[in-house]
Amino acid sequence: MGLAAGRSRLPSCVSHAFLVVAGLFILASIPCEAQLSSSFYDNTCPNALTTIRTAIRTAVSRERRMAASLIRLHFHDCFVQGCDASILLDDSATIQSEKNAPNNNNSVRGYEVIDNVKSRVESICPGVVSCADILAVAARDASVAVGGPTWTLKLGRRDSTTSGLSQAAANLPTFRDGLDRLISLFSTKGLSARDMVALSGSHTIGQARCLTFRDRIYDNGTNIDAGFASTRRRRCPVDNGNGDDNLAALDLVTPNSFDNNYFKNLIQRKGLLQSDQVLFNGGSTDSIVTEYSKSPSTFSSDFAAAMVKMGDIEPLLGSAGEIRKYCNIVN
C-alpha cells in the first residue's frame with residue numbers, strides 16, 4: 001500500500017481556507033509600492049490642508065498677483081526633475097539653486113509665501129508635511145482664491161536633496177517658444193497638447209515683464225492686434241535695458257480673475273507673449289483655444305485635470321528624499 005493511500009484527507013473547505021491564508025501571507029510579504037493619496041495626511045496631520053488654505057488666502061488677499069505666482073511656482077518645480085520642491089533650495093556648498101536658472105531668475109516668485117506656510121505647518125505637525133506637497137496645495141488654493149477651479153489633490157510627495165539647475169534651461173518653456181516646441185516639451189512630461197493649452201490658460205491671471213514681450217509688440221507682425229500692441233508699448237520702451245522690468249497684465253480684460261478671457265484674447269490676436277499667441281495662429285491647437293473661449297466650464301475642468309496630471313510628474317515617494325524642516329535648505 002502506497003504512502004498516499006494511508007494519508008488522511010483534509011475536508012475540502014479546510015484545504016481551501018489554507019490556500020487563502022497562504023496566499024494572504026505571500027501578498028503581505030510583498031513590499032507595497034508607495035503611492036500618492038488624497039487622504040495621505042488624514043491621520044498624521046489632519047489640520048494641514050486647512051492651515052495651508054488659510055495662509056494662501058491671506059497671501060492672495062494682500063496681493064492678487066500672488067495667485068498666478070504660486071501656480072507658476074508649482075509648474076516650474078514639477079518640470080525640473082519632478083514635483084520635489086527642488087526649486088525652493090537656495091545656493092549652498094552642495095546645491096546650485098534652480099532659482100538662478102534663466103527662466104526663474106528675477107521671474108519666479110512666491111518663495112516667502114511657501115516659507116511662511118511651511119513654518120505654520122511645522123508648528124502643528126513637525127517633520128510630516130513636505131514642501132513639495134505644500135507647493136501642490138498652494139497652487140490649488142491660489143486658483144480657488146481668484147475664482148478658479150478646485151481639484152482633489154493626491155499627496156505624499158517627498159522633498160529632494162538635490163537641485164536640477166542644469167536641467168532647467170532644457171525643461172522649462174520660454175516666452176519665445178513656438179507651438180511644436182511647446183507640444184514636444186509637455187509631451188516629455190506625459191502631458192498632451194490639450195493639457196498644454198489648458199495649463200497655458202493660467203495666464204488668465206498674472207503679469208509679465210516688458211523684457212518678455214518687447215519683441216512681440218514691436219515686430220509689426222500680422223498675428224498681433226495693432227491697437228493692443230500700441231497700448232502695451234506705453235509702458236514697454238523699444239530699447240533693451242529700458243523698462244525691462246515694467247509689468248503688464250497677461251490678460252488685459254480681467255487680469256485678476258481666473259476665467260476664459262485669455263482664450264478670447266488669443267482669438268483677437270491679443271496674446272501678450274509669443275508663446276501665448278502661437279496657441280492660436282493657424283496651428284493644431286486653434287480648435288482647443290476656440291473651444292475654451294466658448295466654454296468656461298470645459299476650460300476649468302480641463303485645467304483642473306491637467307494640474308492633477310502635472311502633480312504626478314516624477315514624485316519622490318516612500319523613503320526617497322526627505323521631509324525638509326525648512327523648504328530652502330536640505331536637512
Side-chain angles (χ1 to χ4, degrees), residues 33-36 68 70-89 96-105 107-108 130-133 135-136 139-140 151 153-154 156-203 206 208 212 262 266 271 273-281 283-289 292 299 301-318 320-321:
E33 182 180 350
Q35 293 182 325
L36 299 178
L70 293 171
I71 292 172
R72 187 164 182 251
L73 186 56
H74 180 42
F75 169 74
H76 278 232
D77 178 46
C78 290
F79 264 55
V80 179
Q81 74 176 29
C83 305
D84 61 358
S86 58
I87 195 171
L88 302 179
L89 291 171
Q96 289 184 299
S97 177
E98 291 173 28
K99 296 178 181 180
N100 298 323
N103 294 0
N104 293 333
N105 192 29
S107 176
V108 173
S130 69
C131 300
D133 275 346
L135 282 172
R140 190 269 308 274
W151 51 91
L153 281 164
K154 293 186 288 182
R157 301 167 190 80
R158 289 171 64 84
D159 300 324
S160 70
T161 56
T162 62
S163 173
L165 176 62
S166 62
Q167 303 174 33
N171 290 346
L172 291 172
T174 76
F175 57 88
R176 293 190 176 95
D177 283 344
L179 182 59
D180 290 344
R181 161 71 175 164
L182 290 171
I183 291 174
S184 174
L185 188 60
F186 278 69
S187 177
T188 63
K189 303 300 179 182
L191 298 167
S192 67
R194 190 176 184 89
D195 294 327
M196 183 269 291
V197 176
L199 291 171
S200 297
S202 64
H203 284 183
T212 64
Y262 167 80
L266 296 184
L273 306 179
Q274 175 180 313
S275 55
D276 289 326
Q277 195 60 56
V278 296
L279 303 182
F280 190 85
N281 196 35
S284 60
T285 56
D286 281 17
S287 60
I288 305 172
V289 170
Y292 289 161
F299 163 52
S301 61
D302 281 5
F303 178 80
M307 287 295 288
V308 172
K309 286 179 67 175
M310 187 182 78
D312 285 346
I313 298 175
E314 300 175 25
L316 296 174
L317 302 172

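No hydrogens, no waters, no symmetry mates; every other heavy atom, side chains included, goes into these values.
- There is a side-chain donor-acceptor pair under 3.5 Å between S192 and D195.
- By the 4.5 Å heavy-atom criterion applied to side chains, K189 and L185 are not counted as neighbours.
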| message | C131 vs R157, test: side-chain contact (heavy atoms from CB on, under 4.5 Å). Steps then yes/no. | response | CA-CA 8 Å; C131 300; R157 301 167 190 80; over 6 Å; no
| Candidate pair F303 and Y292, rule side-chain contact (heavy atoms from CB on, under 4.5 Å), full reasoning | CA-CA 10 Å; F303 178 80; Y292 289 161; over 6 Å; no
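- Under a 3.5 Å cut-off, the side chain of R158 and the backbone N or O of G318 do form a donor-acceptor pair.
- Summarising the geometry of A198 relative to F299, their closest heavy-atom pair is O-CE1, 3.4 Å, with the distance given to 0.1 Å.
- One side chain, D177 or T174, offers a donor N or O that lies under 3.5 Å from an acceptor on the other.
- When every heavy atom of A306 is checked against every heavy atom of L191, the shortest pair comes out as O-CD2, 4.3 Å.
- Remark: side-chain polar atoms of N171 are not paired, donor with acceptor, to backbone N or O of Q81 under 3.5 angstrom.
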| task | List the steps and the verdict of side-chain hydrogen bond (donor to acceptor under 3.5 Å, both in side chains) for N103 and H76. | result | CA-CA 9 Å; N103 294 0; H76 278 232; over 6 Å; no
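- Taking 4.5 Å as the limit, some side-chain heavy atom of S107 sits within range of a side-chain heavy atom of R72.
- I87 places a side-chain heavy atom less than 4.5 Å from the side chain of V108.
- Crowding of Q167 atom CD: a count of heavy atoms from other residues, nucleotides or ligands under 6.0 Å exceeding 12.
- Listed for the D77 side chain is a donor-acceptor partner under 3.5 Å among the backbone atoms of D84.
- Scanning both residues, F186 and P173, for their nearest heavy atoms gives CE1-CG, 4.5 Å.
- The minimum heavy-atom distance between A85 and D159, with the atom names listed, is CB-OD1, 3.7 Å.
- Smallest separation of non-hydrogen atoms from L279 and T285: O-OG1, 2.7 Å.
- The backbone N or O of A208 sits nowhere less than 3.5 Å from a side-chain atom of T212 that would complete a donor-acceptor pair.
- In this structure, the side chain of S163 does not engage the main chain of S86 through any donor-acceptor pair within 3.5 Å.
- The closest donor-acceptor contact from the side chain of E98 to the backbone of L88 lies at 3.5 Å or more, if one exists at all.
- The structure places CD of Q274 at 11.0 Å from CG of L179, a figure rounded to the nearest 0.5 Å.
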| message | R194 vs D302, test: salt bridge (Lys or Arg N to Asp or Glu O under 4.0 Å). Steps then yes/no. | response | CA-CA 8 Å; R194 190 176 184 89; D302 281 5; 2.8 Å; yes
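- Between S284 and I183 the shortest side-chain heavy-atom distance falls below 4.5 Å.
- Here the side chains of D312 and K154 are in contact, with some heavy-atom distance below 4.5 Å.
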| request: Take S200 and L182 through the test side-chain contact (heavy atoms from CB on, under 4.5 Å) and record every step on the way to the result. | output: CA-CA 10 Å; S200 297; L182 290 171; 5.8 Å; no
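- Between L316 and S160, the closest side-chain pair of non-hydrogen atoms falls below 4.5 Å.
- Here S166 pairs with nothing under the side-chain hydrogen bond (donor to acceptor under 3.5 Å, both in side chains) rule; sequence neighbours left out.
- Between L266 and Q277, the shortest heavy-atom contact is O-NE2, 2.9 Å.
- Below 30°, between 30° and 60°, or above 60°: for H203 and Y262 the angle between ring planes is above 60°, a perpendicular geometry.
- Listed for the S275 side chain is no donor-acceptor partner under 3.5 Å among the backbone atoms of R176.
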